[in-house]
2 protein chains.
Amino acid sequence: MATGRTHRPATRSRGIPEATVARLPLYLRALTALSERSVPTVSSEELAAAAGVNSAKLRKDFSYLGSYGTRGVGYDVEYLVYQISRELGLTQDWPVVIVGIGNLGAALANYGGFASRGFRVAALIDADPAMAGKPVAGIPVQHTDELESIITDNGVSIGVIATPAGAAQQVCDRLVAAGVTSILNFAPTVLTVPDGVDVRKVDLSIELQILAFHEQRKAGEEATAERAVAAPAAPRKQSATDQGPDGDVPAVMPA
Amino acid sequence: MATGRTHRPATRSRGIPEATVARLPLYLRALTALSERSVPTVSSEELAAAAGVNSAKLRKDFSYLGSYGTRGVGYDVEYLVYQISRELGLTQDWPVVIVGIGNLGAALANYGGFASRGFRVAALIDADPAMAGKPVAGIPVQHTDELESIITDNGVSIGVIATPAGAAQQVCDRLVAAGVTSILNFAPTVLTVPDGVDVRKVDLSIELQILAFHEQRKAGEEATAERAVAAPAAPRKQSATDQGPDGDVPAVMPA
DNA sequence: ATGTCTTTGTGAACGCGTGCACAAAGATTG
DNA sequence: CAATCTTTGTGCACGCGTTCACAAAGACAT
């Protein structure tokens, strides 16, 4: 998973657990696919398989929304699509701004998944004056100077930050000051925001590092012996006052 | 958060909780920043603030790695950087292939965060013959036909999928068959993989939908009255045999 | 050497999320 | 209408993750 919630604990809004909310888009995607194939109903078992989750979990998730299934039959696809969409707030249009039109920002602007789900790219913003006016994904890039007016004029409440890490907090502050209350952050930095503002982060590097951890573990299981030689079972840091030689310790050591 | 683990439950490798593993890269980033500013030691409180987490959580996380701190002083920055890097497997080089060089794939290829953390882009692969040979981020794109040989020749065990959803499963199968055991999936699809293969997914659309949910809730709290009119407090699906008119029900309804 | 002060490391309690397993609901068949 | 079969909805138990709160450890001053 390349995501992680930030700040706000787990607001358990209207009794719907955060973990369930995070899965609703998954169900919605699977249901949309079924809908396009004109499948009228689906069982929890089938839908769970399509969404890659446990069927009991799926049923419990849906139970938080209400009793939308029919015992002995399953769930009505179209009806469920609507209910989940409504619950997620996708029946309304969400104008979104993307700040930082580099490689990633451009990729996001071109990403079709946004428009298809009630999200509309209201504006692309970049700090580079040379970018201004240049169309990306059919939308002309605007300069950072206009950030505030863009937000207020379009009633934008969701912002996407795809700037370098160094600029992210500053951009974030300006977005929030202008009225944005939800931020999707692609910059590899921890953003500080006031209460009431939601931040979700996507960090590509972190995802790879987590994979590397598991990859290393897999490799290590085959050859545990090798490791026992390279590093003792219970490596211990040496005391700061006891700086004798230590085979287990790396080249880079504390002063 | 834009991530979510898939399949494998939570392998609790060598006693390190999955949740802790997911935070280690965060700590590492904060520590690296401190290291660059030549800060010698840091307290759990300071580091926790920099990483955006609770200090007790951080201390507990570190306790799984060993006793690397000094009471009354804090943690030695350089030493901790090494320990976490080693734990994450970043002291070795991980060759990575990126499949699908569209906007997103190109953005990933250009992303600096990879190289700086022990990851090396070994190859870029795309199904479009017109792309073959064309350099992206200084690396020539290779055709999908060569996927298997690239994997085996370079000993690649981590693959990144940035293809359209339709091609993702097929690419995934080929990667796994060729020896890849960790996959970072950007395609909006559920990937099915054999046991022993880790998949992490990054879905931009899902992240936005989760934000929309919270955004809607925030908006709804200010004007709950409006909602009581638009939709009854306990909306109920009507029975399939009882298809009378219903103000609460959407235009799209079950047959 | 003794005492004070800072900060770690962790035991314990709590809450959330997951999965099992089954009763209840309804469809379907005879 | 009764019996059977399918599938939902959920009570319950378990385990993981988080947080509190504090004892132990060590630095530092006197």
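Chain naming here is simple, since letters A, B, ... match the order of the sequence lines and numbering starts at 1 in each. Values below: every heavy atom of this structure, side chains too, minus hydrogens, waters and symmetry copies.
Side-chain contact annotation: Thr20(B) with Asp61(B), donor-acceptor N/O pair under 3.5 Å present. One side chain, Gln209(B) or Ser205(B), offers a donor N or O that lies under 3.5 Å from an acceptor on the other. Counting only N and O atoms by type, the side chains of Arg59(B) and Ser44(B) include a donor and acceptor under 3.5 Å apart.
A straight line from CD1 of Ile16(A) to P of dG17(C) spans 12 Å, rounded to a whole angstrom. Rounded to whole Å, the distance from CD on Glu45(A) to C1' on dG19(C) is 13 Å. Distance, Lys57(A) NZ to dT8(D) P: 17 Å, rounded to whole Å. Regarding Glu18(B), its CD atom lies at a distance of 11 Å from the P atom of dT18(D), rounded to whole Å. Atom CG of Asp61(A) and atom P of dG19(C) are 11 Å apart (whole Å). One atom, CD of Glu46(B), and another, C1' of dT8(C), lie 14 Å apart when rounded to the nearest Å. A straight line from OH of Tyr27(A) to P of dT8(D) spans 13 Å, rounded to a whole angstrom. Atom CG of Asp76(A) is separated from atom C1' of dA27(C) by 15 Å (rounded to the nearest Å).
Shown are Phe62(B), Tyr68(B), Tyr75(B); of these, the side chain to side chain contact (heavy atoms under 4.5 Å, CB included) with Gln83(B) is made only by Tyr68(B).
Looking at Lys60(A), its side chain comes within 3.5 Å of the base of dG19(C) through a donor and an acceptor atom.
Using a 4.0 Å cut-off, some side-chain N or O of Ser44(B) falls inside it from OP1 or OP2 of dT8(C). For the pair Arg71(A) and dT28(C), the criterion of a side-chain N or O lying under 4.0 Å from OP1 or OP2 is not met. The side chain of Tyr75(B) contributes an N or O atom lying less than 4.0 Å from OP1 or OP2 of dG9(C).
Counting only heavy atoms from C-beta outward, the side chains of Leu104(A) and Tyr111(B) never approach each other to under 4.5 Å.
Of the residues near DNA chain C, Ala56(B) and Thr20(A), the one whose nearest nucleotide (by heavy atom distance) lies more toward the 5' end is Ala56(B). Both Arg59(A) and Val73(A) sit near DNA chain C, but only Arg59(A) has its closest nucleotide nearer the 5' end.
Considering only side-chain atoms of Arg23(B), the nucleotide from dT8(C), dT18(D), dT19(D) that sits closest is dT18(D). In this structure, the nucleotide among dG26(C), dT10(D), dT18(C) sitting nearest to the side chain of Thr70(A) is dG26(C).
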